[in-house]
Structure formats: structure tokens, C-alpha cells
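Down below is the structure, laid out as C-alpha cells.
The first residue in the sequence is number 1, and the count goes up from there.
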Amino acid sequence: MMKKTISLLLLLIIILTPVFASCAEKNAGTDENSSEKPISSDETTKPSEYVSPGVKYDGADFTTWGHSSSWSIISHICESFEETESSDPIETGIFRRNAKVENELEVKIKFLQLPEMSAYNKIASTIMAGDYIANMISCTGNALYEIMKSPEALLNLKNIENLNMDASWWNERSIEEFTFYNQTYAMTGHFNLGFITAVEAIFFNKMLISDLNLENPYELADKNEWTLDKMFEMAQNANKDLNNDGKFDENDRYGIGHSDGIHNLYFACGGRLTKRDNAGDITLVAADESNIDIFNKVRDYVIQPQNCLNKMGAQIFTQDKILFYPWALIIGNTFRNMETDYGIIPMPKQNEAQQDYISVCGRTGTTYTSVPTTLPVKYYDMTGDVMNALGYYAQQLVTPEVIDRTIYYKIGRGDEDAIRMINIIYSNTTFDICSFFGWGNVFDAFTETMTNTNSWQRVIDTKAKGFNSSLKKTLSKLEV
């Protein structure tokens with residue numbers, strides 16, 4: 001019992017704290033000879049970092065502005081609010097989390113639905129109209145991207161002095177990325193199911209691995225040999241014009257599915273769009289030689305029509321016509337009924353010299369937490385206390401259900417190798433702030449360079465001036 005309890009706590013820390021791969025292997029049971037079992041959803045202990053504030057708010061309303069559901073979470077589930085317990089353990093966990101917080105702090109948690117995607121651009125203007133709308137926003141990266149066009153719509157989270165941003169239920173790297181000169185405007189963590197389910201991974205078809213006599217991807221990952229070159233080498237063996245019509249389309253077989261994820265491979269190999277110096281100044285580095293090399297290697301392979309299916313290929317993966325499918329973990333729900341077995345491994349390293357496998361938290365699916373700037377100062381203390389409690393009780397009551405039932409046993413099919421890899425995937429997450437602020441439309445370079453005529457360096461160079469001016473505008477609005 002104690003061993004399983006320790007395993008759960010270690011994984012919960014791994015999910016939200018940047019840990020070197022060597023530590024992740026030790027703590028998450030990645031040793032091939034380890035007898036550590038997968039975590040159980042009901043074996044948790046209370047970390048000492050959370051202490052109830054001992055205050056009551058006399059039934060005051062606490063409103064979360066969020067999505068009623070999202071593909072990146074679990075299609076029918078609202079991460080912010082559930083009215084009752086149900087037969088679904090995750091829904092029940094969310095209900096119990098909120099009930100714990102309501103009883104402990106004497107608040108009433110309410111839910112306000114965000115606009116649909118077509119109206120995301122109205123969120124910031126609604127906030128800036130000046131009315132007190134909500135205590136907290138919980139939204140996808142796409143919605144946050146639209147809000148960030150008017151960054152003054154969000155409150156510096158450090159203004160809420162009792163909000164424990166160092167707690168293990170918040171992801172440290174997300175806080176680092178969304179902090180400008182000691183001002184933090186968004187973060188993700190245990191409250192955000194979209195963070196847990198939308199981390200990028202590689203799904204592979206075990207039957208094709210065997211039929212093509214290819215190396216075992218799990219062994220490659222364990223030996224630090226799962227690299228971009230190795231992935232491309234293995235993928236080449238799977239490419240086949242099955243109907244011999246002289247062209248490649250959804251009727252044929254591919255080594256890699258869905259080239260729209262080129263940016264995820266770029267980031268997984270250590271590529272960056274921006275960097276910060278010790279003073280916190282942000283500069284555009286996408287055209288640095290190392291980043292150009294990473295992008296060109298990825299682009300030059302996936303741009304070839306016989307190498308990569310240039311469309312959403314989840315259903316084609318289920319038909320045994322794709323060897324490697326890079327996508328968010330939640331896509332595994334689409335694969336659950338496959339007759340053929342599949343495996344899960346991290347995104348590949350650039351080369352064996354890269355220290356860690358890097359898992360990308362993208363703009364589309366990951367969900368984030370922020371606070372509207374119109375929150376009255378008199379509600380700061382209550383908001384901080386409630387956010388602390390929501391994060392802690394999510395860590396205790398919701399995350400284990402998501403990890404244990406959905407990620408490990410539904411998507412991972414209970415496979416011990418897959419579970420070991422999932423722990424590694426969670427151990428080292430990355431974000432790129434430029435993806436969210438859209439400075440100079442630099443992120444669009446990934447799609448603009450998917451032809452032989454547009455070089456990465458040329459496109460980035462043309463965007464540099466716009467990047468600098470839009471970054472300066474953002475900092476001006478944030479008064480930093």
C-alpha cells in the first residue's frame with residue numbers, strides 16, 4: 001500500500017514539475033526490472049504544502065468562466081463544473097472536488113460558459129468592457145491566444161498574494177513561460193484536464209513493427225536511441241503504394257501520419273521560436289542555425305508525399321496503414337477499439353546528445369488558467385484561496401481518475417511499457433510563449449514554409465520586424 005501511495009505522489013509531481021529524464025526513470029518506475037505497479041486512483045495522501053486557510057466566505061459566489069467541453073479533455077466533460085455525481089468517475093471527481101472547496105471555504109462555485117470558437121475574439125473585449133464577470137478563466141490555448149491579443153485583459157496572478165503558484169498542482173514550466181518581468185498571466189496544472197490529456201506523444205502500430213521486422217520502439221526509447229533520424233529510418237520502411245496507382249493518398253500506407261504536427265516535432269527536438277536572457281528580455285531565435293537545422297530536417301522529410309499523410313489520419317491509423325502517429329494523448333480514445341495493438345512512446349529527440357525527451361503542450365488542446373483584470377480587489381483573497389483549494393483537490397480527486405482510468409487503462413490499454421513511457425512523456429513538458437501571443441505571426445511560419453520555395457530563414461527574417469514591434473506593443477500594454 002505504501003509503495004503504491006508513493007508511486008502516485010511521484011507521478012503527480014512529475015506531471016507538473018520539470019524533471020530530468022534520469023530522475024523520471026527512477027521515480028516513475030521506468031527501470032525495466034522495476035516491480036512498481038501503475039498508480040491507483042484511490043491511493044493518495046495529502047501533501048503538506050496545502051493547508052486550509054481557515055476562513056469562511058459566507059456563501060459568496062466564485063465563478064469560473066470556461067468551456068462546457070473540449071475535444072482535448074474528454075469530449076463530454078467540463079473541467080470546471082459538474083452539477084452532480086454520476087456513473088463517470090471523472091465527472092464524480094470534479095463534483096467532489098468542487099463540493100470539498102465549497103464546504104471548506106463556504107463558497108458557491110458557479111460556471112459561466114465561454115463563447116464558441118468563432119467568437120473567441122470577443123472574450124477580451126467583454127472583459128475590457130469593465131464588468132466583473134468571473135473570478136477565474138479556464139480555457140483552451142486557442143481561446144487564450146485570442147485573449148492575449150489584448151493582454152491587459154488578464155490580471156497579473158502575482159497580485160493575488162495568497163495564490164500559491166509554487167504548489168505542485170501548477171506546472172512550473174507554464175508559469176515560467178507566461179511570466180514577463182515578474183508578472184504572470186496564465187498557467188496550467190491539475191485543474192486543467194486539457195493539460196493532462198493534450199500532451200503530445202507518438203502512437204505506433206505494433207503489428208507493422210513486427211511485420212516489417214523493425215526495432216522495438218520501447219527498447220529504443222529506454223536506450224536513449226529514439227531519435228528523429230531513427231524515426232524517419234523506420235518510417236521509410238512502411239511507405240507503400242498499396243494499390244499501385246502511382247500516387248500516395250489515404251488508400252496507401254505511410255510511415256508517419258499527419259504532417260500538420262510539424263511544429264510539435266520541431267519543439268520536441270529542442271527547437272525554439274524565442275528565448276529569454278537573464279534579464280528576462282525576449283528575443284526571436286527561430287532563425288538561429290540550430291533551429292534552422294531542426295526545422296529543415298523535419299520539413300524535408302514530411303514534405304515528401306510518400307513519407308507522410310498530409311491530413312488528419314486517425315481513422316487510417318486504425319486501419320493499419322500508418323506506422324507512427326504523432327498527436328495528443330487524448331487521440332488514443334479513437335484507437336481504443338482497434339483490433340491491432342498499438343504502443344505509445346515520447347516524441348523523438350533530435351539526437352542522442354539531447355538530454356531529455358521533450359513533450360509539447362500545444363496551443364490547440366491544452367487548457368490554461370488565468371484571472372480577468374476586472375476582478376475587484378476585494379475578491380483577491382477569496383480567489384486565491386479557492387484556486388489553491390481547487391488545484392489541490394483536483395490533484396487528489398480528479399487527476400488520479402484521469403491518469404489511472406483514461407490515460408493508463410483506456411488509452412494505454414494497461415500495457416506496462418506504455419505506462420512507463422507515459423510517465424516519461426509527462427516528466428518534461430515544454431511551452432513556447434510566441435505561440436500564444438502571436439507576435440509577428442511567427443508561428444504561421446510552420447505552414448508558410450511547407451513548400452520547397454519558402455525557406456524557414458527567409459520567412460522568419462521577413463517576420464522579425466513585426467515580431468519586435470508586436471512584442472513591444474504587448475509589453476507596453478502590460479506596463480513592463
Next on the checklist: Treating S455 as the side-chain partner and R458 as the backbone partner, does any N or O pair qualify as donor plus acceptor under 3.5 Å?
Outcome noted: yes

Checklist entry - Judged by atom type as modelled, is there a donor-acceptor pair below 3.5 Å linking the side chain of D356 to the main-chain atoms of I358? => result no

Item to check | D415 and Y408: side chain donor to acceptor below 3.5 Å | outcome: no

Next on the checklist: Between D88 and E91 (side chain of the first, backbone of the second, donor and acceptor by atom type, cut-off under 3.5 Å), is there such a pair?
Outcome noted: yes

Checklist entry - So, the side chain of K349 versus the backbone of Q354: is there a donor-acceptor pair under 3.5 Å, distance only? => result yes

Item to check | Heavy atoms from other residues, nucleotides or ligands near NZ of K472 exceed 12 (cutoff 6.0 Å) | outcome: no

Checklist entry - Do side-chain atoms of R276 reach the backbone of E177 as a donor and acceptor pair under 3.5 angstrom? => result yes

Next on the checklist: Check whether N388 reaches the backbone of N164 with its side chain - one donor and one acceptor, N or O, closer than 3.5 Å.
Outcome noted: yes

Next on the checklist: For the residue pair T367 / E79, report whether a side-chain donor-acceptor contact shorter than 3.5 Å exists.
Outcome noted: yes

Next on the checklist: Aromatic contact between Y342 and F203, with the criterion being ring centroids under 6.0 Å apart: yes or no?
Outcome noted: yes

Checklist entry - More than 12 non-hydrogen atoms from neighbouring residues, nucleotides or ligands closer than 6.0 Å to NZ on K158, yes or no? => result yes

Checklist entry - Are side-chain heavy atoms of M382 and M387 found at a separation under 4.5 Å? => result no

Checklist entry - Counting N and O atoms only, with roles assigned by atom type, does the side chain of Y426 sit under 3.5 Å from a partner on the main chain of I196, one being a donor and the other an acceptor? => result yes

Item to check | Heavy-atom donor-acceptor pair, S125 side chain to K122 backbone, under 3.5 Å | outcome: yes

Checklist outcome for this item: With sequence neighbours left out, the residues meeting ring-ring contact (aromatic ring centres under 6.0 Å, His included) with F62 are none

Item to check | L155 side chain reached by P372 side chain, heavy atoms, under 4.5 Å | outcome: no

Item to check | S80 and T64: side chain donor to acceptor below 3.5 Å | outcome: no

Checklist entry - Hey, is D61 close enough to K108 for a salt bridge, meaning N to O under 4.0 Å? => result no

Checklist entry - E152: what forms a side-chain hydrogen bond (donor to acceptor under 3.5 Å, both in side chains) with it, not counting sequence neighbours? => result none

Checklist entry - Knowing that exactly one of T429, T430, N428, T188 qualifies, which makes a side-chain hydrogen bond (donor to acceptor under 3.5 Å, both in side chains) with R173? => result N428

Checklist entry - Atom CH2 of W65 and atom CD of Q113: how far apart are they, to the nearest 0.5 Å? => result 11.5 Å

Checklist entry - What's the shortest heavy-atom distance between E83 and F95, and which atoms? => result O-CE1, 3.1 Å

Next on the checklist: We want to know whether N162 and D385 form a side-chain donor-acceptor pair, criterion being a heavy-atom distance below 3.5 angstrom.
Outcome noted: yes

Distance-only criterion, 3.5 Å: show the donor-acceptor pairs between side-chain atoms of residues 127-135 and protein atoms not counting sequence neighbours.
unit_1	atom_1	unit_2	atom_2	d
Y132	OH	N135	OD1	3.0
Y132	OH	N135	ND2	3.4
N135	OD1	T63	N	2.9
N135	ND2	T383	OG1	3.1

Item to check | Close side-chain approach of F178 and F436, heavy atoms under 4.5 Å | outcome: yes

Checklist entry - Is the distance between the ring centroids of F446 and W456 under 6.0 Å? => result yes

Next on the checklist: Quick one, Y266 and N291 - any side-chain contact, counting heavy atoms below 4.5 Å?
Outcome noted: yes

Item to check | Donor-acceptor contact below 3.5 Å, side chain H67 vs main chain L114 | outcome: no

Item to check | Test log, rule salt bridge (charged side-chain N to carboxylate O under 4.0 Å, His left out), inputs E401 and R405 | outcome: CA-CA 5 Å; E401 295 292 348; R405 296 175 184 270; 2.3 Å; yes

Item to check | Ring centre gap for F324 and W226 strictly below 6.0 Å | outcome: yes

Checklist outcome for this item: To the nearest 0.5 Å, atom CD1 of I175 lies from atom CG of L157 at 8.5 Å

Item to check | D277 and T283 side chains, donor-acceptor separation under 3.5 Å | outcome: no

Checklist entry - Is there a donor-acceptor contact under 3.5 Å linking the side chains of W439 and T474? => result yes

Item to check | Rounded distance [0.5 Å steps], CG in L144 versus OG in S435 | outcome: 11.0 Å

Next on the checklist: Using side chain to side chain donor-acceptor pair (under 3.5 Å), reason through E200 and S359 one step at a time and then give a plain yes or no.
Outcome noted: CA-CA 6 Å; E200 298 290 330; S359 304; over 6 Å; no

Next on the checklist: Using side-chain heavy atoms (C-beta onward) and a distance below 4.5 Å, is I344 in contact with I202?
Outcome noted: no

Checklist entry - Are the ring centres of W327 and F335 closer than 6.0 Å? => result no

Next on the checklist: Less than 3.5 Å apart, any donor N or O on the side chain of Y393 or N98 sitting next to an acceptor on the other?
Outcome noted: no

Next on the checklist: Rounded at 0.5 Å granularity, tell me how far CD1 in I433 sits from CZ in R272.
Outcome noted: 9.5 Å

Checklist entry - For the atom pair CD (Q395) and CD (E49), what is the distance rounded to the nearest 0.5 Å? => result 6.0 Å

Checklist entry - Looking at F180 versus F437, is the centre-to-centre ring distance below 6.0 Å? => result yes

Item to check | 4.5 Å side-chain heavy-atom contact, Y368 and I137 | outcome: no

Checklist entry - Is there a donor-acceptor pair closer than 3.5 Å between any side-chain N or O of K275 and the backbone N or O of L284? => result no

Item to check | Shortest non-hydrogen contact between K463 and V442, atoms and distance | outcome: CD-CA, 3.7 Å

